[in-house]
Every structure is written in C-alpha cells, then in structure tokens.
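Bear in mind that the values here come from a model prediction, so they are computed numbers and not experimental data.
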Amino acid sequence: MNDRHNKRAKEILETIKYATLATVTPEGKPWNSPVASILDKDLNIYWFSDKEGQHSKNVRANGEVFIVIYDSTVPEGQGEGVYIQARAHELNDAEEIRAAQRIKKGTGNDDPAEFMDNAVRRAYKAIPQRVWMNDDITEDGVFIKDIRVEVPLETLRAG
C-alpha cells in the first residue's frame with residue numbers, strides 16, 4: 001500500500017456515484033445490483049431502493065455485502081476500483097433517514113416519510129469493514145497479474 005492507493009481510492013469514492021452492490025439471496029445465490037450511492041464523512045455508503053427489490057430483500061436477510069465502486073471512464077486496461085467489504089442495513093430511524101437525505105440533496109427536501117411505513121422505497125446504509133484497491137504487477141513493463149492492495153479505513157477517513 002502506498003499514498004497513491006490512498007489518494008486514488010479517496011478520489012474514486014468522492015467522484016463516482018454508482019456502486020455495484022453484491023448480496024446473497026436466501027437460497028445462497030449471488031446477486032449484484034447497480035445503485036446510485038452517496039457517502040458520508042466516515043465513508044458509510046447510502047442508497048435508496050425499492051423495498052421489494054431483490055437486493056433490498058437480501059440486505060434485510062443478510063447484511064454482509066460487498067461493494068465495488070469502479071472508475072470506468074479511463075481507457076481499457078487502466079480502470080481502477082475500490083472494493084469494500086461492508087455490513088449493510090435498512091434505515092428505520094427518521095433521523096438517520098433524514099441525515100442520508102441531506103447528504104444526497106442538502107437541506108430542505110428531507111422528509112423521511114417517503115422512505116418509511118407504507119412507502120415503496122427505503123434508505124440503506126453500508127458500514128465499511130475493509131477496503132482494497134486493484135493494482136497490478138509488471139516486470140520490465142510486461143503485465144504479470146492483477147492484485148488487490150488493502151487501504152486502511154483510518155487513512156481514507158482521515159484524508
């Protein structure tokens with residue numbers, strides 16, 4: 001791990017708005033879903049989804065998730081991503097929902113009722129446990145293999 005990984009991971013987390021959320025169905029089958037995401041200062045990841053979506057059901061049944069936020073805007077072979085092992089849950093507290101709404105939209109449009117009770121959508125929060133960046137190993141300019149480099153959460157949160 002080096003400063004480049006820390007800096008690039010922080011940049012990706014702050015600029016890329018879509019994440020791929022990996023969950024597991026109650027039958028043990030993998031399930032991936034793209035979600036529009038936002039982060040707070042502690043790098044907790046929030047998204048808003050249909051409560052009946054498969055990934056929403058999966059999070060309610062098993063909060064262990066894996067999230068990838070990937071910069072696909074760069075040329076082929078130069079893509080970088082942040083890989084996040086996290087614990088996720090549906091938000092049911094009005095103040096927590098309001099806080100997530102404020103991160104997304106700012107103040108003034110933060111009625112938690114649109115994500116509670118009989119509402120169709122819910123707010124979700126993933127708390128990162130471990131984070132990695134992808135990298136590669138080369139010898140004399142020749143690609144050998146892909147690797148993942150762990151990036152300490154404390155470093156990302158402080159930077």
Side-chain angles (χ1 to χ4, degrees), residues 1 5-6 8-73 79-135 146-159:
M1 193 260 323
H5 291 112
N6 293 336
R8 187 65 177 127
K10 187 78 168 169
E11 183 178 281
I12 289 170
L13 291 171
E14 290 175 348
T15 60
I16 305 296
K17 300 303 176 199
Y18 289 96
T20 300
L21 173 69
T23 61
V24 64
T25 68
E27 299 79 31
K29 303 294 183 189
W31 192 270
N32 280 344
S33 301
V35 295
S37 63
I38 53 174
L39 280 78
D40 67 15
K41 64 179 177 49
D42 293 321
L43 303 180
N44 296 311
I45 301 163
Y46 299 87
W47 68 93
F48 303 87
S49 289
D50 183 327
K51 67 183 177 188
E52 294 304 320
Q54 186 63 55
H55 62 284
S56 298
K57 292 177 184 178
N58 294 348
V59 166
R60 281 193 297 275
N62 178 352
E64 296 295 327
V65 301
F66 204 88
I67 298 168
V68 178
I69 301 176
Y70 188 80
D71 184 358
S72 63
T73 65
E80 294 176 300
V82 180
Y83 300 78
I84 305 163
Q85 179 184 351
R87 184 93 183 121
H89 63 277
E90 183 178 291
L91 297 180
N92 295 304
D93 178 77
E95 286 309 309
E96 280 190 291
I97 296 168
R98 185 173 281 116
Q101 289 175 296
R102 287 180 180 159
I103 295 167
K104 183 175 176 100
K105 300 178 183 179
T107 59
N109 192 5
D110 54 2
D111 180 8
E114 71 178 287
F115 300 102
M116 298 179 75
D117 301 322
N118 293 326
V120 172
R121 297 189 316 142
R122 293 290 186 265
Y124 298 87
K125 176 181 181 179
I127 303 165
Q129 307 298 304
R130 293 178 73 188
V131 176
W132 299 264
M133 282 271 320
N134 64 305
D135 204 342
D146 288 317
I147 61 170
R148 285 193 191 167
V149 177
E150 189 159 7
V151 179
L153 274 168
E154 309 78 45
T155 303
L156 285 174
R157 287 177 175 141

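When all heavy atoms of A126 and A86 are compared, the closest pair comes out as CB-CB, 4.0 Å. Between E114 and A119, the shortest heavy-atom contact is O-CB, 3.2 Å. Shown here for D111 and Q101, the closest heavy-atom pair between the two residues is O-NE2, 3.1 Å. Closest approach of M133 to V151, counting heavy atoms only: CG-CG2, 3.7 Å. The two residues W47 and A36 make their nearest non-hydrogen contact at CB-O, 3.4 Å. Minimum heavy-atom separation, I84 to L13: CD1-CD2, 4.0 Å.
Counting only heavy atoms from C-beta outward, the side chains of V131 and L43 never approach each other to under 4.5 Å. Counting only heavy atoms from C-beta outward, the side chains of W132 and Q85 approach each other to under 4.5 Å. Using a 4.5 Å heavy-atom cutoff, the side chains of N6 and K10 are not in contact. Put simply, the side chain of P30 does not reach to within 4.5 Å of the side chain of T23, judged on heavy atoms.
The side-chain contact (heavy atoms from CB on, under 4.5 Å) check on K29 picks up T25, E27, with sequence neighbours excluded. In this structure D40 satisfies the side chain to side chain donor-acceptor pair (under 3.5 Å) test together with N44, Y46, sequence neighbours excluded. Listed by chain and number, the residues in a side-chain contact (heavy atoms from CB on, under 4.5 Å) with D146 are D136, F143 (sequence neighbours excluded). Applying the side chain to side chain donor-acceptor pair (under 3.5 Å) test to R98 and every residue at least two apart in sequence or in another chain returns E95. In this structure F48 satisfies the ring pair (Phe, Tyr, Trp, His ring centres under 6.0 Å) test together with F115, sequence neighbours excluded.
Put simply, CZ on R122 and OG on S49 are 11.5 Å apart, with the number rounded to the nearest 0.5 Å. In this structure, CG in L156 is found 11.5 Å from NE2 in H5, a value given to the nearest 0.5 Å. For the atom pair I16 CD1 and E11 CD, the distance stands at 8.5 Å (nearest 0.5 Å). Remark: H89 NE2 to K125 NZ distance equals 5.5 Å, nearest 0.5 Å. Here M116 contributes atom CE and I97 contributes atom CD1; the two are 4.5 Å apart, rounded to the nearest 0.5 Å. In this structure, the separation between NE2 on H55 and OG1 on T20 is 11.5 Å, given to the nearest 0.5 Å.
With E150 contributing its side chain and R148 its backbone, the two residues share no donor-acceptor pair below 3.5 Å. Side-chain atoms of D135 never come within 3.5 Å of backbone atoms of I147 as a donor-acceptor pair (strictly under, hydrogens ignored). A donor-acceptor pair under 3.5 Å is absent between the side-chain atoms of S33 and the main chain of L21, judged by distance alone.
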Going by atom type alone, with no hydrogens or angles, which donor-acceptor pairs under 3.5 Å involve a side-chain atom of residues 60-71 and a protein atom two or more places apart or on another chain?
{"unit_1": "R60", "atom_1": "NH1", "unit_2": "K51", "atom_2": "O", "d": "3.1"}
{"unit_1": "R60", "atom_1": "NH1", "unit_2": "E90", "atom_2": "OE1", "d": "2.9"}
{"unit_1": "R60", "atom_1": "NH1", "unit_2": "Y124", "atom_2": "OH", "d": "3.3"}
{"unit_1": "R60", "atom_1": "NH2", "unit_2": "K51", "atom_2": "O", "d": "2.6"}
{"unit_1": "N62", "atom_1": "OD1", "unit_2": "E64", "atom_2": "N", "d": "2.9"}
{"unit_1": "E64", "atom_1": "OE2", "unit_2": "R87", "atom_2": "NH1", "d": "3.2"}
{"unit_1": "D71", "atom_1": "OD1", "unit_2": "T73", "atom_2": "N", "d": "3.0"}
{"unit_1": "D71", "atom_1": "OD1", "unit_2": "T73", "atom_2": "OG1", "d": "2.4"}
{"unit_1": "D71", "atom_1": "OD2", "unit_2": "R8", "atom_2": "NH2", "d": "2.5"}

